[in-house]
Amino acid sequence: MKRFTIIISLLASAVLGFSQTVTNDFEQGSKEYYTNSCWSMEGLSMINNSPISGTWSIRSASLSGSESNANRMASPWVKLTASGNFTFKHKLTAFAGTWKSITVRLSNNTDTTTILLYTYNYVKPGDVNRVISVSVPVNVSGIYQVNWKMSGAGGGDDRIMLDDISIPGTYWSDPSEDCQPLKPVIVDSDKDGVPDDQDDYPNDKYRAYNNYYPASDTGTIAFEDNWPSYGDYDMNDLVMGYKFKVVSNASHNVVEVYATMILRANGASMNDGFGFQFPNVNPNSVISVTGTGNQTGYTIKSNGTETGNASDATFIVFDKSHRYMSEWNTIKTVAAVSAVPFNIYIKFMNNNTPGSGGAVNINTLNISGWNPFLVVNQQRGREIHLPNYQPTDMADQSLFRTGSDDTQPGIGKYYKSATNLPWALDIFGKFSYPAERQDISGAYLHFGEWVQSSGSSYPDWWSNTGGSYRKNSLIY
Amino acid sequence: MNLIKKNILRGAAVMMIIISASSCQKASLNAPDQTVNTQSLKVSPSFDWKTSREIMMSITGMKEISPDVSNTLYIKSSKGDVIFKDYFQMNSDYTFKFVVPSTETSVTLVYGKKTYTAALTSSVLSFNYVTVQ
């Protein structure tokens, strides 16, 4: 029955807006739960032995001493409107003492005066274990708490139980702010619902938050580009740094993405391209893309996404690595050239209007699930992805299971060899990649242990912790 | 015609020399360390090769709380970096994912004046504004 009442209340909330009563039937069975939702309980405990109704009630400590202040309960702050009835049930479990009573008062948030709502002195012996239902009209308006006080003197294990509380008003406490009365947002200059002090764009109603991925530093994707054959595992044929800034609005929708892609090394004789995909993001949800490099050989739609990928927005960062990097940046004795950043801007909303594919929720974007890929030597269908990341619609699947590749879509295995080796690694930080032709297992002394332990040993293998993590002579 | 052929052959020869010279240069400057070999590693088929962990966060709202109670939820790394933030109504349920480095052992949730810390012992975190685990 109690559960039914909750369902009805939730349905009423959905249909009529938030319920105009504050209720507590204690059925969560957890005092901690109620104190976290701003019910104050002093000296009371949850009880599921002979509850007043349902499975749980709340019960005072023994009222056997002199008048006790320790058995009190207060509701959250409630906004009353001088209408409706305050109701609850109470029961005395034993009466061996001289007197037992319960008093209920209203206290407001502006002064110390209280209003007596209800008081009852239990009668011996007739009131023992008798459930007393209370219904009192509420005739005041304002922000109030309901306070219960249970008292008594003499006797033994005499306790008062409470249940099925209903207060005719609106919940007005803020559990996230020490249960203080709820305040309207005081400073929200752009009126987007996010207070200025929490809003990264306090004067822009179309934007609210910046989220960064990775949260600190930049990540690194390191490729071997000889797929579907094995290479030399120096993981430097293409090394891309990356960092995303995702801008969202107060409704959790993505407004824009700033994707910084940094070409750091190009230790390949092949002239490779690079792109990435946002899985599950409708290409038509993208309004525009700027900041990419040359895209010769690719077919790009007017909104900046690549044609031919029906369900996942795909972006081509550049067509030929050698076009942008004149040196390898992998040979120690050859002068390095500067890393080449591509500052890509992807627009999803224009003044709160999404692209024709609809708004993209920040969870749908799931930026950590981005799918980077290398395009080998300008052969569009010859893509290399991170292990177990799916190919784009443009990949030539006839290359699967040729050379050393053992991709098997049926079991979710992609871009791994028969011995489960990858052609790309995603390192969650700035990665000092191996020098030309130096196998990563030799350059990073715990890489092999990390791999063969399935990641449980040396998860920080790529760091420079202590002096034993890497062989500096083999690292560029 | 002969002149054209000769020029083509000459160009091809020059290209061959350039390519072989650059290949030689790369090879001679960096003799590979032969003592270790990634191809000889024994790799479990289930190994994901990731240096990060994806955590599924499931928030259960307190249904009796007013929808007017909302605040920014921050998820912070043990170093204090903000991994994720968004504005949530305290009475609503949400699920989302966030990613931490594989080396991260705990995260801290901040919602208004409330702070909760959780050990990252699995790929799922549940939060109900009372506890996070």
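Here is how names work: the chains are called A, B, and so on, in the same order as the sequence lines, proteins then strands, and each is numbered from 1. Note that the structure is a prediction, hence the values are computed from the model and not measured.
- Taking CD of A:Glu32 as the start and CG of B:Asn128 as the end, the distance is 8.0 Å to the nearest 0.5 Å.
- Across A:Ala215, A:Pro175, A:Gly455, the residue that shares the most heavy-atom pairs under 4.5 angstrom with chain B is A:Pro175.
- Using a 4.5 Å cut-off between heavy atoms, B:Met90 touches chain A through its side chain atoms alone.
- Using a 4.5 Å cut-off between heavy atoms, A:Leu421 touches chain B through backbone and side chain atoms alike.
- Ring centers of A:Trp450 and B:Phe47: under 6.0 Å apart, within the cut-off.
- B:Thr72 meets the side chain to side chain contact (heavy atoms under 4.5 Å, CB included) test with A:Gln198, A:Tyr209, B:Tyr74, B:Lys85, B:Tyr87; sequence neighbours excluded.
- In terms of modelled atom types and a separation under 3.5 Å, the side chain of A:Asn388 and the main chain of B:Asp48 share no donor-acceptor contact.
- Put simply, CG on A:Asn363 and OH on B:Tyr94 are 10.5 Å apart, with the number rounded to the nearest 0.5 Å.
- With a threshold of 4.5 angstrom between heavy atoms, A:Asp234 does not approach chain B through any atom at all.
- Taken to the nearest 0.5 Å, the OG atom of B:Ser102 stands 16.0 Å off from the OH atom of A:Tyr458.
- Taking NZ from B:Lys97 and CD1 from A:Ile367, the interatomic distance works out to 13.0 Å, rounded to the nearest 0.5 Å.
- Without hydrogens or angle criteria, B:Thr51 side chain to A:Asp426 main chain gives a donor-acceptor distance under 3.5 Å.
- For B:Glu54, the part sitting under 4.5 Å from any heavy atom of chain A is the side chain, from C-beta outward, and nothing else.
- Proximity to chain B (any heavy atom under 4.5 Å) is shown, for A:Thr35, by neither the backbone nor the side chain.
- In this structure, the separation between OG1 on A:Thr170 and CG on B:Asp68 is 8.5 Å, given to the nearest 0.5 Å.
- Within the 3.5 Å criterion, the main-chain N or O of B:Thr38 finds a donor-acceptor partner in the side chain of A:Asp439.
- Counting only heavy atoms from C-beta outward, the side chains of A:Leu386 and B:Trp49 never approach each other to under 4.5 Å.
- Residue contact with chain B, scored on non-hydrogen atoms closer than 4.5 Å, involves the side chain of A:Lys416 exclusively.
- Scanning residues 105-120 of chain B against chain A with a 4.5 Å non-hydrogen threshold yields B:Tyr111, B:Gly112, B:Lys113, B:Lys114, sorted by number.
- A:Tyr33 touches chain B through backbone and side chain together, each having a heavy atom under 4.5 Å away.
- Ring to ring, A:His252 and B:Phe88 are close: their centroids are under 6.0 angstrom apart.
- Only the backbone of B:Tyr129 has a heavy atom closer than 4.5 Å to any heavy atom of chain A.
- Within the 4.5 angstrom heavy-atom criterion, only side-chain atoms of A:Ile362, from C-beta onward, approach chain B.
- Heavy-atom distances place no part of A:Tyr476 under 4.5 Å from chain B, backbone and side chain included.
- The candidate from A:Ala424, A:Ser454, A:Ser173 with the greatest count of non-hydrogen atom pairs under 4.5 Å with chain B is A:Ser454.
- Both the backbone and the side chain of B:Val99 come within contact range of chain A, with heavy atoms under 4.5 Å apart.
- In the model, B:Thr103 has no side-chain atom that pairs as donor or acceptor with a side-chain atom of A:Asp460 under 3.5 Å.
- In this structure, no portion of B:Ser77 lies under 4.5 Å from any heavy atom of chain A.
- Once rounded to the nearest 0.5 Å, the distance linking NZ of B:Lys50 with CZ of A:Phe428 reads 10.5 Å.
- B:Val43 places none of its side-chain heavy atoms less than 4.5 Å from the side chain of A:Gln452.
- Side-chain atoms of A:Glu177 and B:Asn71 form a donor-acceptor pair, as typed in the model, at a separation below 3.5 Å.
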